[in-house]
Amino acid sequence: MAAEYKIFKLKTAREYKFTMDYVLKALKEIHDNPDEHNYSLSEVERLLNIENKINEASNSFMKAANEITQIFENFKSVATEHKIAFGSFISQLKKISKAGWLISPSLIRDLSLEQLIEINKNPFSKEAEKIICETYSPNIKIQSIIESLIRTFPNRKSILLEILNCYELKLYSAVIALSYTQADGICNDIWNYGFFDKDPSKSFQNKLYLELNNMELGFSSHFVSQLGISDNEIIMFSKDKLFQEKSIREKSNNRHLVIHGHSTNYGDLPNSLRAIFILDFLEHFAIEHQDN
């Protein structure tokens, strides 16, 4: 890890990960002492949102039982009980990854189970894009992701704020380009190579995938598998036959084609969200790296 790279203190990192022990303790204190607890309004809001998500997911399970093996929650301690079910569910959601949506903790937190199932039916459809874009149309959700990134990567604060400002101004091409550069920078700080780097000796597979896939990550290993999908357009090898057609190259959101100026028509809302989700995805593993 580079000397200048610093993730916030371990205690704070664990608090922001909202482990089940933390959530249960905090919710008990909030419910038992509604006027005298030690949590801020924003913490209370997030904790109650977690509680609601858990309750909603539990109620939705029976309705969705024919489409997935079992419900899962986006918390490590809960995942211990549902590890097999979670792996099965993520395997099904890999269709979404092929459409360029890296499934990150925020994406699972903010979308309902029914929405994820609907998107997974046809992830390349305009309807799937619409569901995700409408979910993130309130800037507050993207602001929450960026604020979390700033806490984790304070040395990148000014650039992350610029990404947020560009997003709010609908300067989507700028959002995408900046997000791609920060994804590479974050990976270089932690793993000494870029997020989009490929290993020529391993059939040009993604280097981060190869490294993380060989680590014991438990619950998080299901997220890692997405990087092994060879036809995710963002991280695909730029010389792939898909990009031989000029019209496809010009509108592609492939990182190489964007950064090197081959693509000129990639700047839209869905692609900007895809780029931001890469940073959200990386934050999860940056904290994992710090804990280990």
Side-chain angles (χ1 to χ4, degrees), residues 93-104 106-107 110-111 115 118-139 141-143 145-146 149 156 158-187 194-198 204 206 208 226-227 229-282:
L93 290 186
K94 284 181 181 177
K95 291 180 183 178
I96 298 177
S97 301
K98 289 183 178 182
W101 302 102
L102 273 183
I103 303 166
S104 66
S106 290
L107 195 63
D110 294 332
L111 292 174
Q115 286 176 317
E118 185 62 31
I119 293 168
N120 198 51
K121 289 178 182 176
N122 189 0
F124 290 92
S125 69
K126 289 296 181 184
E127 184 58 33
E129 283 191 349
K130 182 180 178 182
I131 290 173
I132 297 176
C133 289
E134 287 184 347
T135 299
Y136 286 90
S137 59
N139 289 342
K141 291 186 181 295
I142 295 300
Q143 181 180 334
I145 291 175
I146 297 298
L149 288 165
R156 299 180 181 275
S158 62
I159 301 175
L160 291 168
L161 286 176
E162 192 167 330
I163 291 173
L164 177 60
N165 290 335
C166 288
Y167 180 83
E168 292 175 341
L169 292 171
K170 300 183 180 181
L171 301 175
Y172 299 131
S173 296
V175 170
I176 294 164
L178 286 171
S179 295
Y180 287 175
T181 62
Q182 295 313 291
D184 263 341
I186 288 168
C187 275
F195 174 72
F196 300 94
D197 286 1
K198 309 289 194 305
F204 290 95
N206 181 275
L208 183 60
Q226 299 174 86
L227 296 177
I229 296 173
S230 60
D231 48 358
N232 180 328
E233 186 171 344
I234 298 177
I235 60 178
M236 282 174 65
F237 187 48
S238 61
K239 296 187 184 299
D240 189 275
K241 61 182 180 180
L242 171 70
F243 303 124
Q244 298 308 304
E245 187 176 331
K246 184 179 179 181
S247 61
I248 293 178
R249 286 171 64 86
E250 289 180 344
K251 66 179 181 180
S252 174
N253 64 329
N254 175 267
R255 176 264 177 193
H256 181 90
L257 299 182
V258 167
I259 296 300
H260 292 280
H262 301 293
S263 181
T264 56
N265 190 26
Y266 58 90
D268 58 25
L269 174 58
N271 284 343
S272 71
L273 290 173
R274 286 181 172 95
I276 290 172
F277 288 142
I278 291 174
L279 301 180
D280 186 53
F281 177 91
L282 282 173

Side chains of [X] and [Y]: closer than 4.5 Å at any heavy-atom pair?
| X | Y | value |
| --- | --- | --- |
| Leu107 | Phe281 | no |
| Ile103 | Gln226 | yes |
| Glu233 | Ser252 | yes |
| Ile234 | Phe195 | no |
| Ile142 | Leu273 | yes |
| Leu279 | Leu160 | yes |
| Asp184 | Ile259 | no |
| Arg156 | Ile186 | yes |

Which heavy atom of Pro270 sits nearest a heavy atom of Trp101, and at what distance?
-> O-CH2, 3.5 Å

What one should report as the nearest heavy-atom pair of Asn232 and Gly100 is OD1-CA, 3.5 Å

Value rounded to 0.5 Å, distance of [atom1] in [X] from [atom2] in [Y]:
| X | Y | atom1 | atom2 | answer |
| --- | --- | --- | --- | --- |
| Leu102 | Asp280 | CG | CG | 10.0 Å |
| Ile132 | Glu134 | CD1 | CD | 11.0 Å |
| Gln182 | Ile163 | CD | CD1 | 5.5 Å |
| Leu282 | Phe277 | CG | CZ | 13.5 Å |
| Lys198 | Met236 | NZ | CE | 9.5 Å |
| Glu162 | Leu164 | CD | CG | 11.0 Å |

Can you sort out the partners of Arg249 under side-chain contact (heavy atoms from CB on, under 4.5 Å), two or more places apart, ordered by chain and number?
-> Phe243, Leu257, His262

Scan the side chains in residues 165-179 for donor-acceptor partners under 3.5 Å anywhere in the protein, sequence neighbours excluded, and list what turns up.
unit_1, atom_1, unit_2, atom_2, d
Asn165, ND2, Leu161, O, 3.3
Tyr167, OH, Tyr136, O, 3.0
Ser179, OG, Val175, O, 2.8

Just do the side chain to side chain donor-acceptor pair (under 3.5 Å) check on Glu127 and Ser125 with the steps written out, would you?
-> CA-CA 5 Å; Glu127 184 58 33; Ser125 69; over 6 Å; no

Could you walk me through whether Lys251 and Lys246 pass the side-chain contact (heavy atoms from CB on, under 4.5 Å) test, one step at a time?
-> CA-CA 9 Å; Lys251 66 179 181 180; Lys246 184 179 179 181; over 6 Å; no

Check: Asp110/Thr135 side-chain N/O donor and acceptor closer than 3.5 Å = no

For residues 264-274, which residue pairs qualify under side-chain hydrogen bond (donor to acceptor under 3.5 Å, both in side chains), counting only residues two or more places apart or in two chains?
-> Glu129-Arg274, Asn253-Asn271, Asp268-Asn271, Asn271-Arg274

